[in-house]
There are 2 protein chains.
Amino acid sequence: MNSEFPAAVHLLVYLAHSTSGSANSEELAENVGTHPARVRKMMRCLREQGWVGTREGIGGGYFLRAEPAAIRLADIYRASCCGGLRPKKPTGSPGSTCPVSSGISGAMDHYFGEAESRYLDYLDGVTVQDVLHRIVDPRPLP
Amino acid sequence: MNSEFPAAVHLLVYLAHSTSGSANSEELAENVGTHPARVRKMMRCLREQGWVGTREGIGGGYFLRAEPAAIRLADIYRASCCGGLRPKKPTGSPGSTCPVSSGISGAMDHYFGEAESRYLDYLDGVTVQDVLHRIVDPRPLP
DNA sequence: TGAACTGTATAATTTATAATTACAGTTAGA
DNA sequence: TCTAACTGTAATTATAAATTATACAGTTCA
């Protein structure tokens with residue numbers, strides 16, 4: 001898995017924690033530990049989901065549009081890196097006469113899909129607010 | 001995720017399906033679609049788990065040592081690429097004065113760990129035999 | 001002894017990921 | 001209306017990870 005998903009969560013948690021409620025790409029990039037251009041690119045995705053708003057121009061930046069308790073990690077995952085839990089390169093070859101070589105990738109797709117959906121079932125129960133609370137007020141949480 | 005895990009499953013399923021019960025690294029590599037040296041390397045791991053045996057020298061190769069129905073995909077996953085479901089590079093920085101930046105990676109580790117364990121719970125219910133049956137006799141199966 | 005294998009290390013190549021650069025478009029305020 | 005401070009986006013470069021390839025010592029059997 002690449003780090004799009006955790007970085008997206010980080011951005012949303014940061015905005016949820018921010019007292020001013022907004023931040024520009026430079027501030028966010030420094031907090032996450034990445035480059036402002038990458039933040040802006042990721043923000044496109046979060047904006048399309050309706051989770052953040054953008055203000056361009058001087059004094060501009062990003063701000064939350066949704067309630068932290070309404071943003072589920074499973075949805076962030078789906079928006080940022082869906083399918084990332086399975087390997088890109090399948091084994092075997094579809095045209096082989098050997099049933100194992102030709103059929104294994106379809107079978108594995110099935111198992112990866114099922115397993116990934118259990119992974120997402122769990123993340124469906126965790127919100128941006130939960131993550132924030134785990135950080136600023138470490139008590140047992142989802 | 002890299003393709004160690006699906007390749008390992010492929011190797012075991014192939015041996016389980018093979019009528020002779022054994023195959024050398026060249027035959028396995030061709031079936032999986034990779035290099036014989038990589039097969040030999042992966043076999044080390046499968047041998048250490050007691051799932052396959054090796055015969056060196058002329059006429060040698062690999063053969064199953066365990067029942068296909070007793071080899072669980074979750075165990076293959078653990079042996080071949082445990083932890084591969086989380087990104088390698090954490091976001092934020094531990095020393096930061098910002099609680100989000102310093103705390104997010106610990107929080108995400110927790111959620112990734114929980115989610116991965118759901119993923120494995122599912123794979124725990126699938127065996128090499130199940131995979132083989134799904135390929136050679138496609139009926140509803142785990 | 002020699003041919004057919006495995007075991008293992010290391011180098012080379014390819015691919016994926018992230019960082020960087022660049023610049024057009026937007027906005028607020030002097 | 002001009003300018004500085006931003007975002008949006010694409011293209012390029014750099015870095016890291018995964019995979020393939022090469023090499024050769026050790027094993028086994030005929």
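All chains are named by letter (A, B, ...) in the order of the sequence lines, taking the proteins before the strands, and each is independently numbered beginning at 1. Keep in mind that the numbers below use all heavy atoms, side chains included, and drop hydrogens, waters and symmetry copies.
Comparing atom distances between the B/H35 side chain and each of C/dT27, D/dT27, D/dT20 picks out D/dT20 as nearest. Closest contact between the side chain of A/E56 and the listed nucleotides C/dT26, C/dT20, C/dA18 involves C/dT26.
Formation of a donor-acceptor pair under 3.5 Å by the A/T127 side chain with backbone atoms of A/D130 is found in this model.
Between B/T34 and D/dT20 there is a side-chain polar atom (N or O) within less than 4.0 angstrom of OP1 or OP2. Listed pair B/S3 / D/dA18 fails the phosphate criterion, with no side-chain N or O lying under 4.0 Å from OP1 or OP2. Between D/dG8 and A/R44, no contact under 4.0 Å exists linking OP1 or OP2 to a side-chain N or O. Residue A/R47 has no polar side-chain atom (N or O) positioned under 4.0 Å from OP1 or OP2 of D/dT7. Between A/K89 and D/dT20 there is a side-chain polar atom (N or O) within less than 4.0 angstrom of OP1 or OP2. Using a 4.0 Å cut-off, some side-chain N or O of B/T54 falls inside it from OP1 or OP2 of C/dG7.
A tilted orientation is assigned to the rings of A/Y77 and A/Y119, their planes being inclined by 30° to 60°. Between A/Y122 and B/Y111, the two ring planes are tilted [angle within 30° to 60°].
No hydrogens or angles were tested; on distance alone, a donor-acceptor pair under 3.5 Å links the side chain of A/R40 to the base of D/dG8.
Protein atom NZ of A/K41 is 9 Å distant from nucleotide atom C1' of C/dA18, rounded to whole Å. In this structure, A/E26 atom CD and D/dT7 atom C1' are separated by 13 Å, rounded to whole Å. One can place CD of B/E27 at 15 Å from C1' of C/dT6, the figure rounded to the nearest angstrom. The distance between atom CZ of A/R38 and atom C1' of D/dT7, rounded to the nearest whole Å, is 18 Å. Nucleotide D/dC29 holds its C1' atom 11 Å from the CZ atom of B/R55, rounded to whole Å. Remark: C1' of C/dA18 and CE of A/M42 are 10 Å apart, rounded to the nearest angstrom. Across the protein-nucleic acid pair, A/L46 atom CG and D/dT7 atom C1' stand 15 Å apart, rounded to whole Å. Atom CG in B/N24 sits roughly 12 Å away from atom P in C/dG7 (whole-Å rounding).
The same ILVMFWY cluster, assembled from side-chain heavy atoms under 4.5 Å apart, contains both A/L120 and A/M1.
Minimum interatomic distance between A/S80 and A/E4 (heavy atoms only, all atoms of both residues): O-CB, 4.0 Å.
Taking for each of B/M43 and A/G57 the nucleotide of DNA chain C with the nearest heavy atom, the 5'-most of the two is the partner of B/M43. Between A/M1 and A/I58, the residue whose closest nucleotide on DNA chain C is further toward the 5' end is A/M1.
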